[in-house]
Structure formats: structure tokens, C-alpha cells
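First comes the structure, then the notes that go with it.
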Amino acid sequence: MTIAGSRTGLQAPQPPRPHLSAEERTLVVVGFAFPQVGDKEFEFLKAVRLDDQQGLIDAVLNDSAIRECCVVDKCNALLMVASCPTGQEEQSIERMFYFWNDRTNHQISPRLEDLVCRTGGEALQYILETSVGLHSVALGDVQVFAQVNTPLKKAINRKDLDSQFSKGTLCEKGGRG
């Protein structure tokens, strides 16, 4: 997959998007998670964290096929979690990357080898593993669930995530194993 591209100029507002069932959506995760956080990783995460995370979410939602989006911010990780129409995963990852890289003055580009990109079941597995601390500095860190769950709940309340899709994805698909 190539992560590149840009659009210039202002975009016209998009018409309302038709409702998609859970079967027509795919979960996507893009971000960085470091099992060990040294000075280099700490400085990198500090540089790519945005004071205006909602502005990034709004830009992604307004410009792309992505229907839902939130940012999970942990001490050793920064992840964008989104849903997009099935079949548009690659384009959605590219747009998420583009907006995030652009808003950080292209500080993400030099660390592409560390970029986590997961779709579908792999994305769900990654989020579930992250929420129980398997990708934490301290394996099994009990505070991690709140660090993952809180932004998901906030996004549902803001309507940046559709509670029915999120509930169905995390409960039904996650519970079936």
C-alpha cells in the first residue's frame, strides 16, 4: 500500500451519506504503538499528538468516505479508530494518514516503518488487545482499558461513532471469537 496523496483547494460540502449496515462497514486502525518508550519514541509521540484532536476527526469525517472516527491517546500509543464502507479501506487509511501527517507538519512520514495499519477483524483484535494492555509498556496495565474505552465513549456521545455499529462490533464480533 502506498500512503501518499493530497488535495488542494477547498472542498464543497458533501451530501448526506446513506446509512450503512454493520455488514457494509469495516473497522480501520491507523497509528503508532511502542512496546518500549525511550526518549526518541516519547519525543515522536509528543510531536504527533494534536492539541486539536477533534479538528483532525472533523477533517477526516468531512473529506473522506470514513463514517466514524475517534482518537485513542495512551502514554505509549496514539491510534485513530474509524469505520469506512467495505472495499474502501485502503483509501480511508490514506486519507487518515494524509490529514494526520499534514496537521503535524509531516512529522509522521519519517516513521512510516512504525505505522500500525489494521482493517476488519485484525483492527478489532488490535483494539481489544490494546484495551487489555497487550500493547502497553507494562503488559496487562489495568489503566489501559479506560484509556481506550473513554475516547470511544466520548466519540459515541459526540456522534463521531455510531453507537449501534460500535456496540455491535465490540460486543457481537468481539464476543464470538
Side-chain angles (χ1 to χ4, degrees), residues 1-14 17 25-131 133-138 141 144 147-148 150-152 154-155 158 160-161:
M1 172 187 340
T2 303
I3 299 180
S6 71
R7 293 185 190 171
T8 57
L10 297 174
Q11 300 293 321
Q14 294 185 357
R17 300 172 184 163
R25 301 183 200 190
T26 300
L27 191 65
V28 177
V29 174
V30 174
F32 297 90
F34 298 103
Q36 302 283 325
V37 180
D39 290 341
K40 224 164 103 172
E41 291 82 10
F42 178 79
E43 289 302 318
F44 172 74
L45 287 171
K46 185 176 162 185
V48 299
R49 277 190 170 91
L50 297 171
D51 292 331
D52 182 21
Q53 290 180 349
Q54 188 60 44
L56 172 62
I57 291 167
D58 291 343
V60 168
L61 292 173
N62 289 331
D63 180 76
S64 63
I66 294 171
R67 305 300 178 95
E68 306 166 311
C69 186
C70 75
V71 175
V72 174
D73 191 344
K74 300 174 46 222
C75 62
N76 71 316
L78 195 55
L79 304 167
M80 288 182 70
V81 180
S83 78
C84 66
T86 301
Q88 295 187 19
E89 297 88 352
E90 187 170 323
Q91 300 93 325
S92 296
I93 289 170
E94 288 175 356
R95 297 312 292 161
M96 291 165 72
F97 170 81
Y98 167 76
F99 281 109
W100 194 3
N101 195 43
D102 188 57
R103 288 175 178 261
T104 61
N105 295 316
H106 305 278
Q107 295 194 41
I108 292 175
S109 298
R111 298 292 300 253
L112 284 180
E113 70 276 0
D114 296 316
L115 188 68
V116 172
C117 295
R118 303 283 190 276
T119 63
E122 289 180 5
L124 176 60
Q125 180 177 342
Y126 193 83
I127 289 296
L128 293 174
E129 289 173 356
T130 299
S131 70
L134 293 181
H135 300 287
S136 294
V137 174
D141 184 353
V144 174
Q147 293 173 338
V148 173
T150 300
L152 294 174
K154 285 181 181 178
R158 281 191 316 267
D160 291 336
L161 285 180

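- More than 12 heavy atoms of other residues, nucleotides or ligands lie within 6.0 Å of CG in Asp52, so this atom counts as buried by the packing criterion.
- When side chains are defined from C-beta on, Ser109 counts as touching Phe97, because their heavy atoms get closer than 4.5 Å.
- Side-chain contact check for Val48 versus Arg111: every heavy-atom pair is 4.5 Å or farther apart.
- The CD atom of Glu122 lies 12.0 Å from the OG1 atom of Thr26; values are rounded to the nearest 0.5 Å.
- Going from atom CG of Leu27 over to atom CD of Gln125 covers 12.0 Å, rounded to the nearest 0.5 Å.
- Remark: Cys69 SG to Gln54 CD distance equals 9.0 Å, nearest 0.5 Å.
- Put simply, OG on Ser92 and CE on Met80 are 10.5 Å apart, with the number rounded to the nearest 0.5 Å.
- Partner Val30 forms a side chain to side chain contact (heavy atoms under 4.5 Å, CB included) with one of Leu115, Ile108, Val81 and no other, that one being Leu115.
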Kindly indicate, with the supporting measurements, whether the criterion side-chain contact (heavy atoms from CB on, under 4.5 Å) is fulfilled by Arg49 and Asp73. CA-CA 8 Å; Arg49 277 190 170 91; Asp73 191 344; 2.6 Å; yes

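- When all heavy atoms of Glu68 and Leu61 are compared, the closest pair comes out as N-CD2, 3.7 Å.
- Heavy atoms only, all atoms of each residue included: Val29 and Ala123 are closest at CG2-CB, 3.7 Å.
- Side-chain contact between Leu79 and Tyr126 is present, with at least one heavy-atom pair separated by less than 4.5 Å.
- The two atoms that bring Cys84 and Val28 nearest to each other are SG-CG2, 3.7 Å, heavy atoms only.
- With a 4.5 Å cut-off on side-chain heavy atoms, Glu41 and Asp114 do not count as touching.
- Annotation: side chain of Leu50 is in contact with side chain of Trp100 (closest heavy-atom distance under 4.5 Å).
- Under the 3.5 Å distance criterion, the side-chain polar atoms of Gln88 are left unmatched by any main-chain donor or acceptor of Thr86.
- Between atom OG1 of residue Thr104 and atom CG of residue Leu56 there is a gap of 9.0 Å, rounded to the nearest 0.5 Å.
- Within the 3.5 Å criterion, the main-chain N or O of Phe34 finds a donor-acceptor partner in the side chain of Asn76.
- Remark: Gln107 CD is packed, more than 12 non-hydrogen atoms of other residues, nucleotides or ligands lying under 6.0 Å away.
- Gln53 is listed as a side-chain neighbour of Leu78, based on a closest heavy-atom distance under 4.5 Å.
- Taking each heavy atom of Ile66 and Ala82 in turn, the nearest pair found is CG2-CB, 3.6 Å.
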